[in-house]
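Below, read A as the first sequence line, B as the second, and so on, with proteins coming before strands; counting in each chain starts at 1.
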Amino acid sequence: MKIATFNVNGIKTRLPNLLEWLAREQPDVACLQELKALDAAFPVDELREAGWRSLWKGQRSWNGVAILSRGGEPLEIRRELPGDAADEQSRYLEAAVDGVVVACLYLPNGNPQPGPKFDYKLAWFERLIAHARTLVESEHPVVLAGDFNVVPTDFDIYNPRSWKKDALLQPQSREAYARLLAQGWTDALRQLHPDEAVFTFWDYFRQHWQRNAGLRIDHLLLNRRLAPALREAGVDTWVRGKERASDHAPTWVRLEPAAIRA
DNA sequence: ATGGCATATCCTATATGA
């Protein structure tokens with residue numbers, strides 16, 4: 001079973017790119033972020049014709065998340081992160097898909113920092129940590145997948161120097177991510193590639209893609225019940241090299257079905 | 001310290017992203 005996360009940076013302009021990736025890599029479940037589209041603009045028909053069932057939560061211009069499945073229907077568990085009824089940003093979707101609880105999240109960027117956007121990021125992170133606590137020891141297999149907007153360590157970026165003041169590298173952001181992991185989550189990419197620089201995002205500036213000057217900010221975290229099923233993890237970097245690509249590449253894990261059911 | 005680029009929208013401009 002292959003579960004992927006992909007920040008598409010606009011579902012409307014990225015649809016051909018997305019369909020090409022889905023057809024070629026055939027993930028069983030795909031979590032999408034940054035739809036940048038209202039619910040009514042989600043391409044549910046095009047995806048259905050390509051064989052994908054969708055659950056989505058849109059928003060005008062910004063944010064927006066979706067969970068796609070080519071197996072069973074994604075069964076909605078919740079469509080917002082608990083803890084702030086006034087938060088109207090579409091950044092969280094949780095569903096049961098083929099026996100796995102899949103949480104698709106788009107953690108706030110937080111720039112510029114310091115400032116209200118960074119405060120919102122840290123507050124959102126605390127809400128995520130509180131909710132994740134209820135999932136990590138679950139008897140069900142759970143994966144937290146998405147764009148966390150955190151570069152966990154200096155090893156997860158081509159060169160931290162020019163990003164030192166960025167919200168993605170701040171000690172508070174990293175401390176929150178480390179505290180989340182410490183609950184018992186397995187960072188799948190790092191677990192299987194401990195000594196390898198792995199990137200999932202290359203910005204559009206200064207030929208960063210051509211120079212492989214990237215960041216690792218898209219993560220898949222497995223709870224204790226699911227971690228033993230982990231077999232492979234990777235990044236479909238070829239997608240980043242396409243015309244009109246998103247600045248993120250799809251990131252994925254492959255899980256042993258028998259170990260999920262066990 | 002700034003800007004480089006890409007996207008969406010109330011689009012000869014502005015906000016957001018990371």
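Distance A:Lys12 NZ to B:dA6 P: 19 Å, rounded to the nearest Å. Between the P atom of B:dG3 and the CG atom of A:Asn111 lies a distance of 15 Å, rounded to the nearest Å. Distance, A:Leu35 CG to B:dT7 P: 15 Å, rounded to whole Å. Across the protein-nucleic acid pair, A:Lys36 atom NZ and B:dC5 atom P stand 16 Å apart, rounded to whole Å. For the pair A:Lys121 NZ and B:dG17 C1', the interatomic distance rounds to 11 Å; values are reported in whole Å. Rounded to an integer number of Å, the gap from A:His248 NE2 to B:dG17 C1' is 8 Å. Going from atom OH of A:Tyr204 over to atom P of B:dG17 covers 14 Å, rounded to whole Å. Spacing between atom OH of A:Tyr120 and atom C1' of B:dG17 amounts to 14 Å, rounded to whole angstrom units.
Looking only at atom types and distance, the side chain of A:Asp218 has no donor-acceptor partner in the side chain of A:Thr251 under 3.5 Å away. Side-chain contact, A:Trp238 with A:Glu25: a donor N or O sits under 3.5 Å from an acceptor N or O. Inspection of the A:His131 and A:Glu94 side chains reveals an N or O donor paired with an N or O acceptor under 3.5 Å. Under 3.5 Å, the side chains of A:Lys36 and A:Asn9 contain a donor-acceptor pair of N or O atoms.
Using a 4.0 Å cut-off, some side-chain N or O of A:Lys165 falls inside it from OP1 or OP2 of B:dA1. OP1 or OP2 of B:dT7 has not a single side-chain nitrogen or oxygen of A:Arg60 nearer than 4.0 Å. Checking the phosphate oxygens (OP1, OP2) of B:dT16, a side-chain nitrogen or oxygen of A:Lys117 falls inside 4.0 Å. Distances shorter than 4.0 Å separate none of the side-chain N or O atoms of A:Ser61 from OP1 or OP2 on B:dT16. For A:Arg14 and B:dA6, the shortest distance from a side-chain N or O to OP1 or OP2 is not below 4.0 Å.
As judged by a 4.0 angstrom heavy-atom cut-off over every strand, A:Phe148 is placed among residues making no nucleic acid contact. Residue A:Asp203 is out of contact with every strand shown, counting any heavy-atom pair closer than 4.0 Å. Counting non-hydrogen atoms under 4.0 angstrom, A:His208 reaches nothing in the nucleic acid. A:Asn7 comes within contact range of the sugar-phosphate backbone alone, with a heavy-atom separation under 4.0 Å but no base atom that close. Contacts of A:Arg216 with the nucleic acid, taken as non-hydrogen atoms under 4.0 Å apart, are absent. When heavy atoms are screened at a 4.0 angstrom cut-off, A:Asp147 is found touching the sugar-phosphate backbone but no base atom.
Using a 4.0 Å cut-off between a side-chain N of Lys or Arg and a carboxylate O of Asp or Glu, A:Asp187 and A:Arg216 qualify as a salt bridge. With respect to A:Asp39 and A:Lys57, no salt bridge is recorded, no charged nitrogen being found less than 4.0 Å from a carboxylate O.
Between A:Asn9 and A:Asp247, it is A:Asn9 whose nearest contact on DNA chain B lies nearer the 5' terminus.
Taking the C1' atoms as reference points, B:dC11 lies 12 Å from B:dT7, given to the whole Å. Atom name P, nucleotides B:dT16 and B:dC10: the rounded distance is 15 Å, in whole Å. Taking atom P on both nucleotides, B:dG4 is separated from B:dT14 by 16 Å, rounded to a whole Å. Nucleotides B:dA1 and B:dA15 place their P atoms 22 Å apart, quoted to the nearest Å.
Taking a centre distance below 5.5 Å and an interplanar angle below 30 degrees as the stacking criterion, A:Phe205 stacks against the six-membered base ring of B:dG4.
Considering only the side chain of A:Trp62, B:dT16 comes nearest among B:dG17, B:dG3, B:dT16.
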